[in-house]
Amino acid sequence: ENSGGDGKFRGGNGVHRCLEFLQPMTAAILSQHREMAPSGLAGGEDAAPGKNSLQKANGDTIRIAATESFQVEPGDILIIDTPGGGGYGTPD
């Protein structure tokens with residue numbers, strides 16, 4: 001919520017996804033805009049960057065980079081928060 005950049009036309013919100021693993025495996029993610037936020041245009045503000053994390057079955061949470069492979073176990077949950085969109089036009 002509120003991840004889109006401000007502007008005359010506010011950028012859209014990102015998506016929150018949770019994927020639970022049922023078997024041990026090696027997983028990989030290839031994502032963008034986790035360190036650098038999507039830019040606004042024509043005076044619009046940048047959006048919030050996304051983030052990736054892995055909530056382990058034991059309750060620990062590990063930050064996952066934009067491009068990374070990692071081991072998962074049953075009950076681990078990959079949390080993906082995609083970035084919002086940049087705003088367009090100078091905010092009123």
Side-chain angles (χ1 to χ4, degrees):
E1 204 171 316
N2 298 318
S3 61
D6 198 13
K8 182 174 183 179
F9 300 99
R10 186 170 185 81
N13 288 324
V15 176
H16 177 81
R17 295 184 178 131
C18 297
L19 305 166
E20 182 174 358
F21 294 92
L22 304 177
Q23 298 290 324
M25 63 178 279
T26 300
I29 189 163
L30 177 62
S31 56
Q32 296 180 338
H33 294 291
R34 297 308 189 259
E35 300 198 15
M36 178 183 252
S39 300
L41 294 172
E45 295 182 3
D46 293 350
K51 65 180 180 178
N52 305 321
S53 56
L54 183 67
Q55 182 179 343
K56 301 294 287 179
N58 67 8
D60 292 344
T61 301
I62 301 167
R63 183 81 176 211
I64 301 293
T67 304
E68 185 172 344
S69 70
F70 47 94
Q71 296 299 123
V72 296
E73 299 296 330
D76 291 351
I77 299 172
L78 177 62
I79 302 168
I80 302 170
D81 291 311
T82 66
Y88 181 84
T90 304
D92 292 331

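Here, residue 1 is the first one in the sequence, and each next residue gets the next number. Basis for what follows: all heavy atoms, side chains included, without hydrogens, waters or symmetry-related copies.
Atom CE of M25 is separated from atom CD of E73 by 11.0 Å, given to the nearest 0.5 angstrom. Taking CG from L78 and CD1 from I62, the interatomic distance works out to 11.0 Å, rounded to the nearest 0.5 Å. The distance from atom CG of D92 to atom NZ of K8, rounded to the nearest 0.5 Å, is 7.0 Å. Taking CG of D76 as the reference point, atom CD of Q55 lies at 9.0 Å (rounded to 0.5 Å). Taking CD1 of I77 as the start and NZ of K56 as the end, the distance is 11.5 Å to the nearest 0.5 Å.
A donor-acceptor pair under 3.5 Å links the side-chain atoms of D46 to the main chain of G40, judged by distance alone. Checking side-chain atoms of N52 against main-chain N and O of I80 turns up no donor-acceptor pair under 3.5 Å. In this structure a side-chain-to-backbone donor-acceptor pair under 3.5 Å is present from T82 to V15. Checked by atom type and distance alone, the side chain of N13 pairs as donor or acceptor with a backbone atom of N2 at under 3.5 Å.
A48 approaches A37 most closely through the heavy-atom pair C-CB, 4.4 Å. Across all their heavy atoms, A57 and P74 have their closest contact at CB-O, 3.8 Å. Pairing each heavy atom of P83 with each of R34, the nearest pair is CD-NH1, 3.2 Å. Taking both residues in full, the closest heavy atoms of S53 and T61 are given as CB-CG2, 4.0 Å, listed atom of the first, atom of the second, then distance. Annotation for P91 and E45: closest pair CG-OE2, 4.0 Å, computed over non-hydrogen atoms. Closest non-hydrogen pair, S31 versus T67, comes out as O-OG1, 4.2 Å.
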* For side chain to side chain contact (heavy atoms under 4.5 Å, CB included), just list the numbers for I79 and H16, CA-CA rounded to whole Å, side-chain angles, deciding distance to a tenth of an Å, and then say yes or no. => CA-CA 7 Å; I79 302 168; H16 177 81; 3.5 Å; yes
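The hydrophobic clustering, which links ILVMFWY residues whose side-chain heavy atoms are closer than 4.5 Å, places L19 and F70 together.
When the shell of 6.0 Å around CD of E20 is examined, it contains more than 12 heavy atoms from other residues, nucleotides or ligands. Crowding of F21 atom CZ: a count of heavy atoms from other residues, nucleotides or ligands under 6.0 Å exceeding 12.
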